Structures are given as C-alpha cells and as structure tokens.
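In what follows, a structure is listed as structure tokens, so that the remarks can point back to it.
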2 protein chains.
Amino acid sequence: MNSKKVPEGTITRLFIYLRELTELARLNIRTISSAELGERTNLSDAQVRKDLGYFGQFGTSGSGYQTEELKNALEKILGKDKTWNVAIVGVGHLGSALLTYPGFKERGLNIVAAFDADARKIGKQAKEVTVQSIDELPGTISDKKIVIGVIAVPAKQAQEVADKLVKAKVECILNFAPTALTVPEQVKVKDVDLSRELETLSYFLANKERTRQLIDQQTS
Amino acid sequence: MNSKKVPEGTITRLFIYLRELTELARLNIRTISSAELGERTNLSDAQVRKDLGYFGQFGTSGSGYQTEELKNALEKILGKDKTWNVAIVGVGHLGSALLTYPGFKERGLNIVAAFDADARKIGKQAKEVTVQSIDELPGTISDKKIVIGVIAVPAKQAQEVADKLVKAKVECILNFAPTALTVPEQVKVKDVDLSRELETLSYFLANKERTRQLIDQQTS
DNA sequence: TAAACTTTGTGAAAAGTGGCACAAACTCTG
DNA sequence: CAGAGTTTGTGCCACTTTTCACAAAGTTTA
Ligand SMILES: NC(=O)c1ccc[n+]([C@@H]2O[C@H](COP(=O)([O-])OP(=O)(O)OC[C@H]3O[C@@H](n4cnc5c(N)ncnc54)[C@H](O)[C@@H]3O)[C@@H](O)[C@H]2O)c1
Ligand SMILES: NC(=O)c1ccc[n+]([C@@H]2O[C@H](COP(=O)([O-])OP(=O)(O)OC[C@H]3O[C@@H](n4cnc5c(N)ncnc54)[C@H](O)[C@@H]3O)[C@@H](O)[C@H]2O)c1
C-alpha cells in the first residue's frame with residue numbers, strides 16, 4: 001500500500017466497483033479478475049488495479065479477487081459500514097425533495113433534523129422529522145450528534161447558515177446554494193450546483209451551433 | 001488568444017466568474033482584479049487569468065478587468081446570449097422543485113414543457129407549464145423546439161425515457177437518475193448524481209484523519 | 001516626466017492522472 | 001513437479017491541468 005494522495009476519481013470509481021461487486025455476490029460469483037470487473041463497469045483493467053492499489057493488496061495473482069472479501073474491504077474503505085446524522089437547513093422546494101428522498105438513508109446518511117427561518121414552515125412534519133426553528137440549530141446539532149449539514153436556502157442566506165453550522169461543529173457541509181462559501185479548512189464543503197450543470201449544457205449547445213456555422217461557411 | 005483545447009474545468013469556472021461578475025455589476029463595482037475575483041470565488045488569481053486566457057485578452061495591466069465588459073464577454077463565450085427550450089420528464093419531488101426554480105430562466109434555460117406517466121399528475125399547472133402525458137412527448141418536443149431533456153424519473157424508467165427523448169431528437173440530456181444511460185454519441189448526456197456526492201461525504205468522514213492532512217486540493 | 005506601484009498574460013515548471021508493460025506470484029495441467 | 005498459462009501490483013511514461021514567476025503594460029504619485 002502506498003500512502004500517496006487518492007484521486008477524487010478513484011473514490012467515485014470505488015463506489016462503482018462496490019455496486020458491481022454487490023451484484024456479483026448476489027449472483028454467487030465467488031471470484032473476479034480486474035479485467036472482468038473493468039468490462040462490467042466500462043473501465044480498463046489497469047484502472048481497476050490502480051484504484052485498488054491506493055488502499056492495499058486485495059487480489060491473488062493468477063486468480064483475481066474474492067468477490068465477498070473485496071466487497072467488504074470497499075465497504076470499510078468507503079465508510080459504508082457506518083451511518084452519519086444529517087440536518088437540512090431550508091425546507092423549501094429543494095429541501096423538501098431531499099427530506100423525502102429515501103436514497104440518503106440507504107447510503108447510511110440519516111436525516112434527523114430540519115430547520116427553517118419561516119414561521120409558517122416550523123412544526124411541519126416530513127417523514128420522521130419535524131421542521132424546527134433555525135434558532136434551535138446549535139442545540140439540536142449537538143444533542144443529535146449531527147455531522148453533516150445540508151444547505152438548501154437561497155444564495156444570499158447561505159454564508160450565514162454555513163457560519164451557524166460551523167459554529168455548531170458539523171464536519172461537512174453539502175451546499176446546494178449557487179455561491180462560494182468560506183469556512184475553516186477542517187470543514188469539508190461539497191458544492192452541488194444544479195444550475196451549473198444545465199448551464200454547461202448551454203455552453204455545449206452554443207458551441208455546437210458555432211461549429212455548425214463554421215462548417216456551413218466552409219462548405220458553402 | 002491561443003486555440004488549444006479548453007479544459008472542462010475552465011468552462012465550469014467561467015460560469016462561477018460570471019455569476020460573481022453579475023453580482024459585482026449589480027453592486028456597481030466597475031473594475032475587479034484577478035486576485036479579488038479569485039478571492040470571492042475561492043480560486044487562485046493565476047487560475048482566473050489562465051482560464052480567461054483561453055478565450056482572449058480582457059484585462060488591463062495595472063487596473064484589472066472592467067466588470068461589465070468581462071461579464072458581457074463571458075456571456076457570449078458561454079452561450080448566455082441565447083436561450084434554449086427545456087423539457088422535464090418526471091414531475092415528482094425533484095421535478096417539481098426544478099419546475100418552480102426561477103434560476104433557470106434567468107440563465108436562458110426556459111422550461112416549456114413537463115411530462116409524467118402518472119394520470120394524477122397530468123394537467124397539473126406549475127408556473128407557466130401544464131404537465132402533459134408522456135405520450136405527447138414526441139409532438140411537443142418537436143413543436144416547441146426543445147433541445148434539452150431533463151430526466152427526473154426513478155432509475156428503472158430512466159433508460160426508457162432517454163430513448164424517447166433521443167427519438168424525439170433532443171440534443172442534450174440532463175440525467176438525475178442514478179444510473180448510466182446509453183445514447184447515440186451525438187447526444188450529450190450530463191449526469192447529476194446526488195447520491196454520489198453524498199457517498200463521497202461518507203468516505204470523507206470515514207477517513208477524516210487521513211484526508212484532513214491532504215485537504216489542500218478541494219477547490220473544485 | 002519619471003519613479004514607484006499594480007496587475008495582466010503567458011511560457012515554463014510542477015503536480016496530478018490514466019494507460020502500458022512486465023516481473024513476480026500464483027494456478028492449472030499432464 | 002515442471003512448464004504453460006493467468007493475473008496481480010507497480011514503475012514508468014504520456015498527457016492534462018494547475019501553479020509559479022516575471023517581463024511587459026498600464027496606473028498613480030509627486
Ligand atoms: N429548486 C431548484 O430546482 C433549485 C435548482 C438549483 C439551485 N437551487 C438552489 O437551492 C437553494 C434552495 O432552493 P429552493 O428552490 O428550495 O428555494 P426555496 O425558496 O423554495 O426555499 C428556501 C427555503 O429556505 C428558507 N430560508 C431562508 N433563509 C433562511 C435562513 N436564514 N435560515 C433557514 N432557512 C431559511 C426559506 O424559508 C425557504 O423555506 C437555493 O440556493 C437555490 O438557488 C434550487
Ligand atoms: N428527490 C431527491 O432528493 C433526489 C435525490 C437524489 C436523486 N434523485 C433521483 O431523481 C429522480 C427523481 O426523484 P424524485 O424524488 O423526484 O422521485 P419521485 O418518485 O418523487 O418522482 C418520479 C416521477 O416520475 C414519474 N414517472 C415514473 N415513470 C415515468 C415515465 N416512464 N415517464 C414519465 N414519468 C414517469 C412518476 O409518476 C413521478 O411523478 C430519481 O431517479 C431519484 O433517484 C432524487
């Protein structure tokens with residue numbers, strides 16, 4: 001095992017391998033080679049081996065990897081054997097969608113609190129969670145051992161909410177507001193910018209059109 | 001201006017700069033240096049200049065960039081001076097949030113149609129759009145000149161919806177379902193996998209001690 | 001007008017990332 | 001048990017992207 005920095009892409013791919021291994025285990029397939037695993041995930045055999053190489057040696061020359069064993073190892077590496085408590089701040093359109101999404105719990109992320117500043121939203125029930133006033137955030141974060149804060153408020157309020165979350169000592173923030181947050185470096189921020197993804201497509205379309213015009217000019 | 005290949009990351013960051021420039025223009029701030037712009041977007045001054053450098057020379061030594069001028073230039077580069085018609089397929093929790101979000105129109109992405117397979121949702125009004133039956137998709141896509149399709153249905157139905165969108169001749173697909181789609185190569189697919197983002201956080205938490213030492217690279 | 005200061009634009013160096021290729025390790029076969 | 005076959009783990013190389021660093025260009029000051 002080398003202790004070099006692990007590329008972001010490796011982590012993403014490990015989740016893909018894990019998903020495939022879970023399927024293989026279900027099908028009672030006991031061993032798999034990097035070539036086969038790569039085939040099934042549209043990745044190269046070398047990529048598979050290199051990714052695993054960051055975390056140790058899991059295979060056997062000549063036969064490959066034990067499905068079950070590698071699956072367990074990846075679950076441990078990826079933190080799938082643990083669960084974490086999550087709070088959502090801002091129960092608007094997006095916040096509500098997140099609150100009811102079952103995919104979080106399936107991945108070991110339990111939403112155990114929700115906060116909003118709007119009096120009309122406070123007290124509302126969504127799944128097992130009751131919307132609380134933002135003023136109760138510090139106490140609840142600490143009492144319920146919440147380690148992830150999800151920001152789903154308008155961009156203008158995002159930094160203010162981030163400050164409250166940091167003060168309450170969350171360890172990660174998942175930020176849906178389209179704005180850059182400033183936080184101490186020990187707090188991990190993950191930005192998810194839905195608009196930007198769409199915007200990227202508009203760049204693609206604009207370029208496609210430009211290219212087409214250039215080609216038209218050349219051909220005509 | 002050099003005509004070398006523009007990194008993917010550069011495009012993403014240009015949108016970030018543009019967002020900040022729009023805010024600066026609103027605040028009537030006339031000029032900005034790469035250092036200040038970098039400060040406000042959590043990026044380095046060199047990164048800002050390099051990114052802009054792919055598209056031309058926009059600044060003035062000694063004083064920086066004209067806010068309004070750079071904003072206009074970026075809008076043109078990024079295709080923001082055009083608008084595109086968008087359809088949403090699947091008006092559930094996420095689809096509804098997207099439908100009512102005003103940020104898309106502001107960015108030249110007009111949601112002009114929405115489709116669902118559930119009879120109870122059809123006919124529902126959301127903003128200016130009435131939810132239509134999925135059967136009307138081909139006709140509407142063509143009539144309304146829709147170039148982007150957004151998939152917000154459960155993973156199991158995602159490929160089937162993608163096939164319909166491709167057949168109806170959309171040029172891009174934004175896919176929120178956590179599954180890999182197979183489409184012809186002339187159709188651009190952008191996956192937004194919220195689950196993946198969450199999974200990454202659980203990895204971070206599980207490996208916090210190690211990751212904390214290597215936190216330098218998290219600007220993306 | 002000149003000197004001090006600020007900031008850009010960009011080559012060159014550094015860092016990060018993926019693919020190749022092969023020795024070493026192991027399995028299989030007769 | 002030897003020789004043929006399979007597959008891993010990793011050093012090395014090619015490529016991409018970011019950071020560095022500084023001359024050139026502009027601004028400000030006196
Ligand atoms: N809805 C979408 O499709 C969409 C798409 C892209 C980005 N976003 C971003 O996600 C964020 C949320 O979007 P939305 O559509 O859910 O907005 P929304 O207006 O529906 O909801 C925002 C919620 O935040 C609450 N709030 C405001 N200030 C608060 C504060 N200081 N503390 C606690 N709660 C506060 C409001 O009361 C409201 O309930 C925004 O930043 C938006 O830009 C949303
Ligand atoms: N809600 C979230 O917070 C969230 C988070 C991460 C990922 N996602 C993903 O986004 C997608 C949508 O999530 P959601 O929470 O909105 O689900 P949802 O169940 O609330 O909505 C899905 C909608 O799609 C419609 N639908 C089903 N099959 C269809 C078909 N063949 N054609 C047209 N419409 C069809 C359903 O009638 C329903 O209205 C899912 O793939 C989900 O995994 C959602």
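The chains referred to below are lettered A, B, ... by the order of the sequence lines, with proteins before strands, and numbering in each begins at 1. As the structure is a prediction and not an experimental result, all values here were calculated from the model.
For the pair B/L70 CG and C/dT7 C1', the computed distance is 14 Å after rounding to whole Å. One interatomic measurement links the two molecules: CG of B/L52 to P of C/dG9, which rounds to 7 Å at whole-angstrom precision. With rounding to whole Å, B/K5 atom NZ is found 19 Å from D/dA14 atom P. We find that CD of A/E8 is positioned 17 Å from C1' of D/dT16, with the value rounded to whole Å. At whole-Å resolution of the value, CZ in A/F58 and C1' in D/dT8 are 13 Å apart.
Within the 4.0 Å cut-off from OP1 or OP2 of C/dA25, not a single side-chain nitrogen or oxygen of A/Q57 is found. For B/Y65 and C/dG9, the shortest distance from a side-chain N or O to OP1 or OP2 is below 4.0 Å.
Nearer to the 5' terminus of DNA chain C, by closest-nucleotide assignment, is the contact made by B/G62 (compared with the other of B/G62 and A/G9).
For residues 75-92 of chain A, there are no side-chain hydrogen bond (donor to acceptor under 3.5 Å, both in side chains) pairs, not counting sequence neighbours.
Near DNA chain D, defined here as any heavy-atom distance below 4.0 Å, the residues from residues 20-51 of chain A are A/S33, A/S34, A/R49, A/K50, listed numerically.
Counted within 6.0 Å of NZ on A/K105, heavy atoms from surrounding residues, nucleotides or ligands total 12 or fewer; the atom is thus considered open.
Checking C/dA24, C/dG18, C/dT17 against the side-chain heavy atoms of A/R13 singles out C/dG18 as nearest.
The residue from B/L165, B/I88, B/T179 that alone fulfils the side-chain contact (heavy atoms from CB on, under 4.5 Å) condition with B/I151 is B/L165.
Considering only residues two or more places apart in sequence or on other chains, A/R40 meets the side chain to side chain contact (heavy atoms under 4.5 Å, CB included) condition with A/E20, A/L24, A/I29, A/I32.
Salt-bridge formation is detected for the pair A/D193/B/R19: a Lys NZ or Arg NE/NH1/NH2 atom is positioned less than 4.0 Å from an Asp or Glu carboxylate oxygen.
At least one side-chain heavy atom of A/E197 sits less than 4.5 Å from a side-chain heavy atom of B/L174.
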